[in-house]
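Reviewing the structure listed below.
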Protein chains: 2
Amino acid sequence: MSAPTERVTIKDVAAAAGVSKGAVSLAFNHKPGVSEATRERIFAVARELGWAPNSSARSLSRQSVDAIGLAICRPARLLGLEPFYMEFVSGIESVLAERSCSLLLRLVGSLEEEIHLQQRWWRERQVGGSVLVDFHRDDPRLGPLGGIGLPAVAVGHPSLTGGLPSVWTDDATAVAEAVRYLVALGHRRIARVGGPAGLGHSAIRAAAFQRTMADLGLDGGLHLATGFSGEEGARATRTLLLARERPTAIVYDNDIMAVAGLGVAAEMGVAVPDELSLLAWDDSQLCRLTHPTLSAMSHDVHGFGAQVARTLFDVIAGQDVPSRPVATPSLVPRASTAPPPPAG
Amino acid sequence: MSAPTERVTIKDVAAAAGVSKGAVSLAFNHKPGVSEATRERIFAVARELGWAPNSSARSLSRQSVDAIGLAICRPARLLGLEPFYMEFVSGIESVLAERSCSLLLRLVGSLEEEIHLQQRWWRERQVGGSVLVDFHRDDPRLGPLGGIGLPAVAVGHPSLTGGLPSVWTDDATAVAEAVRYLVALGHRRIARVGGPAGLGHSAIRAAAFQRTMADLGLDGGLHLATGFSGEEGARATRTLLLARERPTAIVYDNDIMAVAGLGVAAEMGVAVPDELSLLAWDDSQLCRLTHPTLSAMSHDVHGFGAQVARTLFDVIAGQDVPSRPVATPSLVPRASTAPPPPAG
């Protein structure tokens with residue numbers, strides 16, 4: 001009767017939590033009638049026993065999801081200037097629209113603020129679940145948000161996102177592909193203009209860049225961290241082009257910085273791609289609108305956002321969702337990359 | 001006692017609606033305890049008598065505004081590609097963040113869908129108020145949303161937004177400035193690549209373009225309507241440059257289309273600005289990152305969004321808010337505009 005393989009039922013959870021089966025059902029269906037303390041005890045017991053409501057029961061509750069939450073911890077101005085976030089949000093919205101669900105969007109000043117916000121959103125049932133983004137190493141959100149029953153999907157590599165179901169991009173493989181392509185063209189001095197060092201995915205890309213360069217016997221030290229804005233991309237490009245030994249190729253961490261780099265090269269009379277190759281990241285339509293068009297590590301960011309939203313609905317429906325990568329960004333060579341000049 | 005100038009009080013509203021003063025207060029403070037039918041009767045009576053709760057009373061309720069609503073009726077993909085909307089949203093978010101308020105964002109497929117959505121948001125108190133955008137002539141939202149008590153701010157010219165308090169941009173004056181600048185440089189054949197004809201602000205700009213050209217004795221007929229995407233901007237530019245008598249200057253309705261136009265000119269070997277002048281609109285950072293940099297009608301879109309959010313909070317607080325324009329877009333000449341070639 002109590003063999004280790006015995007399936008845990010709602011009855012076991014109710015008994016262990018000292019409540020009725022109805023109360024467990026109310027708690028998991030986000031219905032009123034159970035106190036906050038009781039709900040948390042029920043969630044804790046269910047986690048301990050490894051029990052989750054089955055998906056057919058939960059799919060009923062899914063119909064009541066009016067909104068999902070997304071908090072972004074970046075300056076408001078940057079949100080408007082970074083094509084990545086706009087496309088990501090539009091991908092999320094494309095799935096929400098099918099389900100008559102809205103996105104509750106909030107800019108926060110710190111991860112601590114996000115923790116309190118997500119706790120409140122969930123406690124007050126303002127959201128049926130949340131998307132968590134921009135993971136740091138030892139991210140402070142994992143502990144406090146892991147234990148409250150909030151259905152959540154993490155956007156980030158599983159090494160950063162604790163036990164949360166995550167949807168992620170294999171940045172390390174993509175960086176290696178970018179570097180190997182430039183080296184195959186003949187480049188030796190390759191620079192990288194990256195994102196903030198504190199962000200987990202920036203750190204993963206920076207490490208992959210250095211590792212790949214080292215594997216190829218090259219110096220991976222030409223690396224500048226920025227805050228992702230076009231202005232910072234322009235400044236970093238100027239710094240690199242004014243150096244005594246300037247790089248013959250630059251890899252950027254987004255596309256707005258690559259567009260800025262193209263402008264700086266033109267302003268300084270450095271011919272792209274004859275004297276300098278530029279490789280963008282994310283590949284929004286910007287890369288196809290410039291002249292020369294920008295080679296890029298292309299990435300379906302809209303589809304990424306859509307996949308994240310679909311995964312969150314699976315989690316909300318009580319499914320056991322594995323962490324899964326989306327398609328790895330792949331190289332789209334255009335007119336901004338070519339072999340280096342003979343002197344390079 | 002009942003002179004016409006007598007001030008209407010909450011007591012009058014309660015008496016006319018056949019409820020207690022407490023019920024009126026509950027209704028206007030979005031508190032439970034009043035049925036939906038009663039609430040609507042109270043709002044109807046208050047409107048009829050011209051009564052609104054005073055701002056000090058409403059400012060208490062303002063603390064309970066957890067979210068404001070924004071529905072956008074454009075394809076999801078376009079939202080991610082159009083710098084205007086994300087800068088506008090980031091401006092709204094900058095004000096919401098100060099007040100610990102979130103944005104409930106939804107993409108809708110039609111204005112009818114938006115009407116039902118806004119009614120539900122308000123009925124279920126998911127929002128404390130809403131921002132309404134992209135007005136059409138005889139906009140179908142005005143009737144249904146005007147009568148439910150939803151605090152709302154319209155983004156659009158007062159000629160389009162009925163009696164709603166609106167925040168707007170004086171597009172007609174800005175278009176006239178753009179045209180007069182190009183004519184002062186010596187241009188005579190000036191084309192315009194605009195937005196969809198059905199949108200109110202596109203129609204206002206198109207009319208202003210034709211009127212200004214006519215006033216100056218020039219042909220204002222060189223005008224192409226697009227859906228605002230870079231691809232459509234590129235196609236329109238190719239069409240114009242392939243025409244037998246091609247224009248010497250093009251005015252675009254946003255900046256992504258102007259960037260695309262710059263790429264097309266380079267691809268076709270048409271020198272900017274020596275053979276062709278390009279003038280962008282909205283002036284996100286893109287215009288400063290291209291080479292040549294783009295002259296633009298500059299517009300603080302982030303500040304526009306912030307102003308809209310502040311105005312909505314005033315409306316929610318029960319203040320009598322007049323429609324007001326934000327600063328008119330002003331010309332920022334950069335490297336993409338110059339006198340036309342001698343033959344032009």
Side-chain angles (χ1 to χ4, degrees), chain A residues 66-67 69 71-72 75-83 85-94 96-97 100-109 113 117 120-121 124 126 229-231 233-234 256 259-267 284-286 288-293 301-302 305-306, chain B residues 66-67 69 71-72 75-94 96-97 100-109 113 117 120-121 124 126 229-231 233-234 256 259-260 262-267 284-286 288-293 301-302 305-306:
Chain A
D66 286 322
I72 299 180
R77 282 223 83 114
L78 194 60
L79 180 70
L81 301 176
E82 166 76 84
Y85 262 109
M86 304 193 281
E87 288 219 47
F88 183 74
V89 166
S90 79
I92 291 177
E93 289 279 357
S94 70
L96 298 191
S100 298
C101 184
S102 307
L103 179 69
L104 197 57
L105 181 68
R106 176 78 156 274
L107 296 191
V108 291
E113 192 183 336
L117 176 70
R120 189 161 63 81
W121 275 353
E124 299 174 358
Q126 290 192 54
S229 72
E231 277 79 3
I256 194 94
V259 171
L262 195 60
V264 166
E267 148 207 325
S284 77
Q285 67 171 346
L286 278 181
R288 301 185 294 279
L289 298 177
T290 57
H291 187 84
T293 55
V301 178
H302 183 91
Chain B
D66 287 323
I72 300 180
R77 282 223 83 114
L78 193 62
L79 180 69
L81 301 176
E82 166 76 84
F84 176 88
Y85 261 109
M86 272 299 177
E87 287 218 48
F88 183 73
V89 165
S90 79
I92 291 177
E93 288 279 357
S94 69
L96 299 191
S100 298
C101 185
S102 307
L103 180 68
L104 198 57
L105 181 67
R106 177 77 158 276
L107 296 190
V108 291
E113 192 184 336
L117 176 70
R120 190 161 62 80
W121 276 352
E124 298 174 359
Q126 291 191 55
S229 73
E231 277 78 3
I256 194 94
V259 171
L262 196 60
V264 167
E267 150 207 323
S284 77
Q285 67 171 348
L286 279 180
R288 301 184 294 279
L289 298 177
T290 55
H291 186 86
T293 55
V301 178
H302 183 91

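Just so it is clear: chains get the letters A, B, ... in the order the sequence lines come, proteins before strands, and each one is counted from 1.
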Highest number of heavy-atom pairs under 4.5 Å with chain B: which of A:Ala97, A:Ser102, A:Ala266, A:Gly263?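 Top option by heavy-atom pairs under 4.5 Å: A:Ser102.
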Leading residue by heavy atom contact count with chain B [cutoff under 4.5 Å; candidates A:Gly305, A:Ala265, A:Cys101, A:Ala71]: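 The answer is A:Cys101.
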Which atoms of [X] come close to chain A, meaning under 4.5 Å heavy atom to heavy atom: side chain ones, backbone ones, both, or neither?
| X | result |
| --- | --- |
| B:Ser100 | both |
| B:Ile92 | neither |
| B:Ala260 | both |

Among residues at least two apart in sequence or on other chains, which ones pass salt bridge (Lys or Arg N to Asp or Glu O under 4.0 Å) with B:Glu113?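 Listed in chain order: nothing, the list is empty.
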Kindly write out the residues that satisfy salt bridge (Lys or Arg N to Asp or Glu O under 4.0 Å) with A:Arg288, not counting sequence neighbours, or none if the list is empty.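 With neighbours one apart ignored, the set is B:Glu231.
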Could you give me the CA-CA distance, side-chain angles and deciding distance for A:Leu289 and B:Val264, then say whether side-chain contact (heavy atoms from CB on, under 4.5 Å) is met? CA-CA 8 Å; A:Leu289 298 177; B:Val264 167; over 6 Å; no
So B:Val259 and A:Val259, side-chain contact (heavy atoms from CB on, under 4.5 Å) or not? Walk me through it. CA-CA 11 Å; B:Val259 171; A:Val259 171; over 6 Å; no
List the atom of B:Glu93, the atom of A:Leu105, and the distance in Å for their closest heavy-atom pair.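 Smallest heavy-atom distance, with atoms named: OE2-O, 3.0 Å.
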Distance check, rounded to the nearest 0.5 Å: B:His291 atom NE2 versus A:Thr290 atom OG1?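 Those atoms lie 13.5 Å apart.
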Mind checking whether B:Leu103 and A:Leu103 have side chains closer than 4.5 Å, heavy atoms only?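 Side chain of B:Leu103 against side chain of A:Leu103, heavy atoms only: no contact under 4.5 Å found.
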